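One structure below.
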Amino acid sequence: MSTSQQPDPRDRPARLTVGVVGAGRVGPALAASLQLAGHRPVAVSGVSDASRRRAAQLLPDVPLMPPAEVLQRAELVLLTVPDDALPGLVEGLAETGAVRPGQLLVHTSGRYGAKVLDPALRAGALPLALHPAMTFTGTPVDVQRLAGCSFGVTAPEELRLAAEALVIEMGGEPEWIAEEMRPLYHAALALGANHLVTLVAQSMELLREAGVAAPDRMLGPLLGAALDNALRSGDAALTGPVARGDAGTVAAHVTELRRHAPQTVAGYLAMARATADRALAHGLLKPELAEDLLGVLANGTNGAEGDGR
């Protein structure tokens with residue numbers, strides 16, 4: 001059996017010093033992942049107590065300093081701030097001379113492509129947009145979740161290989177997104193992931209109201225199967241009273257929601273209408289049953305005392 005020692009990632013050639021501007025949930029996790037690939041985090045900026053704690057947990061012994069000093073120390077800089085703050089941050093860093101020629105500037109916004117980094121590009125930086133399609137907790141588990149995670153990649157063509165290589169080093173799978181498609185790409189992810197959390201939280205609240213002691217245990221297998229079926233089969237996976245055209249059942253749902261959780265009615269009706277449209281288009285909802293169903297959805301409470309047929 002061979003006793004040769006595996007090479008230390010830190011001994012690999014062309015390793016980069018890494019800085020993080022914005023120690024939210026994403027930046028420290030990405031920097032920690034790059035560290036596992038042999039790169040060296042050297043500086044991080046964070047304002048809130050929570051961001052400083054995250055940095056200390058995921059990047060121990062990496063000093064905290066202002067953004068301009070992070071750029072001064074690092075060859076690869078992760079700009080991991082909220083979407084709305086990103087354009088102003090980039091402009092400010094470029095105008096103050098903090099950006100250095102040849103420096104890799106990476107932002108992780110899903111909304112923006114590489115053009116938001118144009119002020120830094122004019123200062124000589126190399127702009128990359130690398131958005132991980134993952135939800136983050138701000139804890140070490142995020143580093144593990146990056147394995148196999150898709151990244152939305154946008155960069156100048158000459159930097160495409162470098163961008164994709166960084167994603168692969170973090171354990172991710174690069175997916176090229178055209179500059180003009182970034183907002184649509186991000187809307188799709190928000191529609192699926194962010195709204196899913198809202199729907200699941202509302203469902204658990206309603207189950208508790210109905211007397212279910214462990215709504216998470218009840219929903220886990222059901223939602224897991226529904227998600228798996230949807231990813232495999234798309235609209236063909238639709239089930240339930242809307243897809244079946246059970247107008248009386250849907251009307252009863254609306255009545256109960258108005259009584260117990262009126263704040264959920266608008267969302268229920270909107271999703272039921274969207275489900276009905278898709279079920280109709282794919283031949284799952286019979287046209288002769290759709291009229292009554294759509295009437296219930298249009299009127300909100302019409303037929304709410306239906307027989308639940």
Side-chain angles (χ1 to χ4, degrees), residues 83 110-111 133-137 145 150 152 181-309:
D83 288 359
R111 171 185 171 188
M134 177 55 63
T135 182
F136 287 80
T137 64
R145 287 179 174 173
S150 291
M181 291 298 176
R182 292 288 291 207
L184 179 62
Y185 151 81
H186 195 227
L189 295 179
L191 184 67
N194 301 154
H195 296 175
L196 176 64
V197 173
T198 300
L199 291 171
V200 172
Q202 287 183 340
S203 181
M204 287 199 295
E205 289 173 355
L206 294 171
L207 286 172
R208 290 190 190 97
E209 179 73 13
V212 175
D216 54 341
R217 189 169 67 233
M218 177 175 283
L219 284 174
L222 173 65
L223 298 186
L227 177 60
D228 184 62
N229 291 343
L231 292 174
R232 291 174 183 271
S233 305
D235 289 300
L238 280 172
T239 62
V242 173
R244 291 192 300 265
D246 291 339
T249 298
V250 172
H253 287 177
V254 174
T255 296
E256 290 304 301
L257 292 177
R258 288 196 186 281
R259 182 178 300 156
H260 294 282
Q263 73 279 6
T264 67
V265 172
Y268 179 94
L269 291 171
M271 291 303 298
R273 290 189 196 103
T275 300
D277 289 344
R278 299 189 75 89
L280 261 174
H282 288 80
L284 301 173
L285 174 58
K286 297 177 180 178
E288 60 268 26
L289 298 176
E291 185 175 355
D292 286 347
L293 175 66
L294 294 175
V296 169
L297 297 177
N299 296 317
T301 56
N302 277 8
E305 302 301 326
D307 60 6
R309 65 182 183 277

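All figures in this text were calculated on a predicted structure; none of them were measured in a lab.
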Note to self: If you apply the rule side chain to side chain contact (heavy atoms under 4.5 Å, CB included), what do you find for L223 with L196, and how did you get there?
What the structure shows: CA-CA 10 Å; L223 298 186; L196 176 64; 5.8 Å; no
Next item on the list: Starting from the C-alpha separation in whole Å, work towards a yes-or-no answer on side chain to side chain contact (heavy atoms under 4.5 Å, CB included) for R145 and T137.
Entry: CA-CA 10 Å; R145 287 179 174 173; T137 64; 3.6 Å; yes
Side-chain atoms of residues 280-287: list all donor-acceptor pairs with protein atoms under 3.5 Å, sequence neighbours left out, distances to 0.1 Å.
unit_1	atom_1	unit_2	atom_2	d
H282	ND1	R278	O	3.0
H282	NE2	D235	OD2	3.2

Side-chain donor-acceptor pairs under 3.5 Å in residues 263-273, sequence neighbours left out?
unit_1	atom_1	unit_2	atom_2	d
T264	OG1	A261	O	2.7
Y268	OH	H253	ND1	2.6
R273	NH2	L297	O	2.8

All N/O donor-acceptor pairs, side-chain side in residues 207-218, below 3.5 Å, sequence neighbours left out:
unit_1	atom_1	unit_2	atom_2	d
E209	OE2	H260	ND1	3.4

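Residue pairs that meet the salt bridge (charged side-chain N to carboxylate O under 4.0 Å, His left out) test with at least one member in residues 221-233, sequence neighbours left out, are D228-R232. The ring-ring contact (aromatic ring centres under 6.0 Å, His included) analysis of residues 206-233, with sequence neighbours excluded, yields no pairs. Here ring-ring contact (aromatic ring centres under 6.0 Å, His included) pairs that include residues 191-231, with residues two or more places apart or in two chains, number zero.
Pairing each heavy atom of A276 with each of V242, the nearest pair is N-CG1, 3.5 Å. Pairing each heavy atom of L189 with each of A133, the nearest pair is CD1-CB, 4.1 Å. The minimum heavy-atom distance linking Y185 with G110 is given by the pair CD2-O, 3.8 Å. Minimum interatomic distance between A243 and A279 (heavy atoms only, all atoms of both residues): CA-CB, 4.1 Å. When all heavy atoms of P241 and T249 are compared, the closest pair comes out as CB-CG2, 3.9 Å.
From M204, atom CE reaches atom CG of L206 across 11.0 Å, with rounding to the nearest 0.5 Å. Taking CG of D246 as the start and CG of L289 as the end, the distance is 8.0 Å to the nearest 0.5 Å.
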